[in-house]
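What follows is a set of notes on a single structure, which appears directly below.
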Amino acid sequence: AIAASTAAFSSYRMTDLGFNPYTYAAGITDAGQIIISPGNQAMLRAPDGTLTPVGQLSGDTGSVATAINNLGSVGAISLNSNDPFVKVGPTLENIGLPAGDAHSSVMWLNDNNAAVGWTEDENYLHMTAYYWSAATGRLAICGSGSNLYSIAYGVNDASEVVGIGTNGHAFHWDLANGLADLGTLSGDSDSNLQSINDAGVAVGYSYSPLSSADYHGVLWTASGGLVAMGAAGGFNVVEPCYINGNGLVAGDWGDEYLGESQLMNPGIFLWRAGAGFVALSSLVTNLGGYTIEQVNGLNNNDAMVAIAQNPSGSYVAVLLTPMDVVDPSSYSIFRGIYASGSLSSLLAIDGAYLVVKAGPTLNTSEAPITVVVNGTSSTSTPSDLRLSVTAHANTPNLSQTIQLWDFQASAWVTVSTQAATTSNSTRVGLGLNPARFVQSGTNAIRARVSWKQTGPTLIYQWSAFID
């Protein structure tokens, strides 16, 4: 395949946001704004990297950002007072703490600037879910009292709230209908919902506290109730944390819990209806020794922010950007002789090859096989452009070269040259300053892949097989 795509999941490019030794990124907008809190000072990071302090309530010394919406409003905790607040434009709206409470968090902020979260007493004897808007003020969603614990995790733009209630069950709450106990899957005793999108689809998990290895990922809708998400690649613990407007789900999975919080063999998954589960690490093209520990935000363009451990062992904030994959819309054989296959052979790695035999050349500098492919970019100004080629040849001692057409310079630019392999391998060529490889006005992309002899071959008229 050449730049073959998968319909369900994108590949991802990881960017270390550059703060060490520990940073906390807690959300990302559809426009790419990120909230981050290096050094106990909440910051709003623009897509170009510019940082703007969020600020803190009067008399306090710093803040930790915990939520952001697509308006650029920020939910945060003001340090020292521990009061939760929402920053709307230049204004800091103090959500405040109930009498007797000393801790809090803003878990989610919808695009109408309504916030949800929890407050807690000094001695950690109770935790109370709340909903807040400028119009309503702070409203306790569940009962408050000693040994009663509830958390509101998510709120959509219709102000539907989901979380975990005082009875250990997932709840749904809205202003019109109040609190609804959503129960559990059959055989479980507890449940929790952590995120709800604007279509009213929520995700979370159903479980039994006495079992360290039975946490079942669930979807919830008003019409369908709690529904299991299905098998998860052999993992016993599945905890969905986010669902976006595209139906993409991100969460944690692992074998079982050791004690109350240590997940054995942990990892991050993505899930989509009809496609099931996939390990996020398998989709990131440049992990380079990093380990992604926790996803902390997912926007409606499928971009994510996360905490990762870098090769030095430090924990850092990273940005995971989905890469649009462009399938070829046409191809031509510039040099070589067609043997078999078609355009559809280039669209999936399935053993159905476009096969081209070595042909005559006009001079010794030319490659006996050169295949040109064309496609159309979804953007005129990509920040990253790579050509992925899965192929092999039927003899050793060949080179394989990947080139991109520079529309500004009207010239081919070599982005990768390596020895060709005799079994399928995937090679990726990276185009630096990528906007030059996209034609202005049409967003056309042109690439070519060539094979050339570098030593004695086993076959006179050798061939390249593009999967």
Side-chain angles (χ1 to χ4, degrees), residues 1-5 11 13 285-289 323 325-375 384-434 436-437 445-467:
I2 298 182
S5 67
S11 297
R13 179 77 176 162
T285 62
N286 63 329
L287 272 177
M323 300 172 65
V325 180
V326 179
D327 286 328
S329 56
S330 65
Y331 82 94
S332 61
I333 299 173
F334 178 73
R335 291 286 182 264
I337 301 169
Y338 169 82
S340 62
S342 64
L343 177 64
S344 63
S345 305
L346 306 178
L347 305 183
I349 302 173
D350 56 4
Y353 298 100
L354 175 66
V355 182
V356 183
K357 296 180 179 180
T361 61
L362 298 180
N363 54 65
T364 56
S365 66
E366 286 190 335
I369 296 178
T370 298
V371 178
V372 178
V373 294
N374 301 287
D384 191 290
L385 181 61
R386 298 158 189 262
L387 184 73
S388 173
V389 180
T390 300
H392 70 274
N394 60 356
T395 181
N397 296 323
L398 303 177
S399 65
Q400 177 185 295
T401 299
I402 301 173
Q403 296 176 301
L404 294 170
W405 180 254
D406 184 335
F407 286 93
Q408 297 175 8
S410 297
W412 288 107
V413 176
T414 298
V415 294
S416 173
T417 298
Q418 294 176 282
T421 58
T422 54
S423 60
N424 259 11
S425 62
T426 300
R427 302 286 171 73
V428 178
L430 172 63
L432 301 177
N433 304 317
R436 61 185 170 143
F437 301 117
I445 302 173
R446 185 177 305 151
R448 70 181 184 184
V449 187
S450 57
W451 287 261
K452 188 177 182 182
Q453 187 172 340
T454 58
T457 58
L458 302 178
I459 301 171
Y460 166 65
Q461 194 175 33
W462 43 269
S463 301
F465 298 74
I466 309 172
D467 194 357

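By convention here, the first residue in the shown sequence is residue 1. These numbers come from a predicted model, not from an experiment.
- Listed by chain and number, the residues in a side chain to side chain contact (heavy atoms under 4.5 Å, CB included) with Ser340 are Val355 (sequence neighbours excluded).
- Remark: Asp350 engages no residue in a salt bridge (charged side-chain N to carboxylate O under 4.0 Å, His left out) (not counting sequence neighbours).
- The side-chain hydrogen bond (donor to acceptor under 3.5 Å, both in side chains) check on Ser329 picks up nothing, with sequence neighbours excluded.
- Taking every heavy atom of both residues into account, Leu404 and Ala447 meet most closely at CD2-CB, 3.7 Å.
- Of all the heavy atoms in Gly429 and Ile402, the pair that sits closest is N-CD1, 4.0 Å.
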Less than 3.5 Å apart, which donor and acceptor atoms pair up between the side chains of residues 412-419 and the rest of the protein, not counting sequence neighbours?
residue: Thr414; atom: OG1; partner: Gln403; partner atom: NE2; Å: 3.1
residue: Thr417; atom: OG1; partner: Thr401; partner atom: OG1; Å: 3.3

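- Of the possible polar contacts, one joining the Tyr338 side chain to the Gly341 backbone as a donor-acceptor pair under 3.5 Å is found.
- In this structure, Thr422 has no side-chain hydrogen bond (donor to acceptor under 3.5 Å, both in side chains) partners at least two apart in sequence or on a different chain.
- Residues Val389 and Val449 share a closest heavy-atom pair of CG2-CG2, 3.8 Å.
- Annotation for Leu432 and Phe437: closest pair O-CE1, 3.4 Å, computed over non-hydrogen atoms.
- For residues 451-466, the set of pairs meeting the side-chain hydrogen bond (donor to acceptor under 3.5 Å, both in side chains) definition, not counting sequence neighbours, comprises Gln400-Trp451.
- Residues Val373 and Pro328 come closest through the heavy atom pair CB-CB, 4.2 Å.
- The salt bridge (charged side-chain N to carboxylate O under 4.0 Å, His left out) search around Arg446 returns none, not counting sequence neighbours.
- Every residue meeting the side chain to side chain contact (heavy atoms under 4.5 Å, CB included) condition with Asn363, not counting sequence neighbours, appears here in chain and number order: Ser365, Glu366.
- For Arg448, there are no salt bridge (charged side-chain N to carboxylate O under 4.0 Å, His left out) partners two or more places apart in sequence or in a different chain.
- By the side-chain hydrogen bond (donor to acceptor under 3.5 Å, both in side chains) test, Ser344 pairs with Ser342, sequence neighbours left out.
- When each of Thr390, Ile466, Asp327 is tested with Leu346 by the rule side-chain contact (heavy atoms from CB on, under 4.5 Å), just one qualifies, namely Ile466.
- Smallest separation of non-hydrogen atoms from Ser11 and Thr285: CB-CG2, 4.0 Å.
- Shown here are the side chain to side chain contact (heavy atoms under 4.5 Å, CB included) partners of Thr421, two or more places apart in sequence or in another chain: His392, Ser425, Arg427.
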Any chance you could lay out the side-chain contact (heavy atoms from CB on, under 4.5 Å) test for Thr426 and Ser388, step after step, and finish with the verdict?
CA-CA 7 Å; Thr426 300; Ser388 173; 3.4 Å; yes
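- Every pair passing salt bridge (Lys or Arg N to Asp or Glu O under 4.0 Å) that includes a residue from residues 397-414 is listed here, sequence neighbours excluded: Asp406-Arg436.
- Side-chain atoms of Thr395 come within 3.5 Å of backbone N or O of Leu458 as a donor-acceptor pair.
- Taking the side chain as every heavy atom from C-beta outward, Trp405 and Ile445 never approach each other to under 4.5 Å.
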